[in-house]
Amino acid sequence: MDIMVLNGDGIGPEIMDAGTKILKKLNDNFGVNINPVKYDIGARSLDQGKYKIENILEEARKYRAILKAPMGDPKLRNTGGTEIALDLILALRFDLDLYANVRPVRLLPGVSSPLIGYKSMDSINYTIIRENSEGLYSSHFGGLVLRDEVAIDNQTITRKGTERIAKFAFDLALKTEGAPKNGERSVVCTDKSNVLKSFAFFRKIFSEVSLEYKQIKPRYMYADAMAQYMILNPEELNVIVTENMFGDVLSDLGASTVGGLGFAYSANVSDSMGMFEPVHGSAPDIAGRNIANPTAMIMSTAMMLDWLGYPEYRKTIEKALFKTIEIGVKTTDMGGNASTSFFTENILNNMDQ
Ligand code: NAI
Ligand code: MG
């Protein structure tokens, strides 16, 4: 099976190297027939006019799965001030209708949390489902700046979009073991329905959908309160469902509780296609130094294999990754001094055992 590989910018190519080496190892050791087809696509290649977004989308539609490295160069901006990379990232999510952004927040073994008392893998383990096709970010292609005096972006929430994301969240909760604290399976609708009608509508639709899922507890929280809850009671969380921009912001907060952005992996999925990528960006501050943590990229690769129907290879990757961290091979963000390539080599070696 061919999969589309987007190399991205900044640390993108460095960490994608880890992802593709792991796929090659699976091919060599187990005959997993997955062929990464690499494209040098990111903000830089768009800026240089090497690719057009329509052509990338047309190409992307040929694949079932896309493995995507982070993209972006804060220096490369459109005339309105937004970043060029976001035109592509959002086009991939919106135009391919990858409506569910699945973002696990999971404390991996051997990784320390800045939250006191949270140590084992079972202490923080929940998933943020970020609605990925509407919300405030859907205004990206339609925002307005008038006479350099007024700027307007609109939030869009639809019945169809909210129903399908709520169903997705409940279906996911059904497959989980529940919250680490008590095994309770729940979905927390996270919004600002106290302020905006669009969010009150989101909450109403969520509540309607919840009636179809008697085994899962529906919960409700405002997004600001959720920010505190994720710090004080993460062990009580199972699944969170939220609007696009809240999901973006809350998932970086969640990442910081489980060791940082280097551990935040994700899937963007529709009912027929998936794009797998780290939650973090292209980290221009550390690019080109071979010090980035490739875990999020590797776990995104594992998530892709699981989604493609190979859960056993997800386990193989996780086992080798966890072992690497547990024996003390750690990148600088984890407090160690392993380079990206050394860390990756260790995982590859552990996959032989
Ligand atoms: P960022 O996530 O790239 O970096 C934030 C901080 O986390 C930096 O200090 C960085 O060094 C650190 N960091 C991130 N990933 C790391 C890793 N794997 N290992 C070690 N440290 C890591 O966010 P920032 O700086 O706001 O954005 C940089 C660029 O990335 C921008 O152009 C932005 O638009 C883009 N971006 C792209 C995303 C995507 O492709 N999905 C997502 C988020 C941002
Ligand atoms: Mg983000």
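Both counts, for ligands and for their atoms, begin at 1 and track the order of listing.
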Discussion item. Do Y220 and D191 pair up side chain to side chain, a donor and an acceptor below 3.5 Å, judged on atom types alone?
Written reply: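 Per modelled atom types, Y220 and D191 side chains form no pair under 3.5 Å.
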Item to complete: Report yes or no: do S133 and R164 form a side-chain donor-acceptor pair below 3.5 Å?
Response: yes
Discussion item. Checking one value in my table: which N/O/S atom of D248 lies closest to the Mg ion (ligand 2)?
Written reply: OD1
Find all protein N or O atoms under 3.5 angstrom from an N or O atom of ligand 1 and list the pairs with distances, or write 'none'.
unit_1   : atom_1 : unit_2 : atom_2 : d
ligand 1 : 2 (O)  : G281   : N      : 2.7
ligand 1 : 3 (O)  : G281   : N      : 3.4
ligand 1 : 3 (O)  : G281   : O      : 3.4
ligand 1 : 3 (O)  : S282   : N      : 3.3
ligand 1 : 3 (O)  : A283   : N      : 2.8
ligand 1 : 9 (O)  : D285   : OD2    : 2.8
ligand 1 : 11 (O) : D285   : OD1    : 2.8
ligand 1 : 11 (O) : D285   : OD2    : 3.1
ligand 1 : 15 (N) : H280   : ND1    : 3.3
ligand 1 : 18 (N) : H280   : NE2    : 3.2
ligand 1 : 18 (N) : N293   : O      : 2.9
ligand 1 : 19 (N) : N293   : N      : 3.0
ligand 1 : 30 (O) : S282   : N      : 3.0
ligand 1 : 30 (O) : S282   : OG     : 3.3
ligand 1 : 32 (O) : D73    : N      : 3.4
ligand 1 : 32 (O) : E83    : OE1    : 2.5
ligand 1 : 32 (O) : E83    : OE2    : 3.3
ligand 1 : 34 (O) : E83    : OE1    : 2.9
ligand 1 : 34 (O) : E83    : OE2    : 3.2
ligand 1 : 40 (O) : K68    : NZ     : 2.8
ligand 1 : 40 (O) : M71    : N      : 2.9
ligand 1 : 41 (N) : K68    : NZ     : 3.4
ligand 1 : 41 (N) : E277   : OE1    : 3.1

Worksheet item: Nearest 0.5 Å, what's the CG-CG distance between L46 and D73?
Response: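 Here the interatomic distance stands at 11.5 Å.
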Discussion item. Please report whether the ring centroid of F246 lies less than 6.0 Å from that of F202.
Written reply: no
Worksheet item: For the rings on F206 and F170, is their centre-to-centre separation under 6.0 Å?
Response: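 Ring centres of F170 and F206 closer than 6.0 Å.
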Worksheet item: Residues in side chain to side chain donor-acceptor pair (under 3.5 Å) with E243, at least two apart?
Response: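 Expected list: none.
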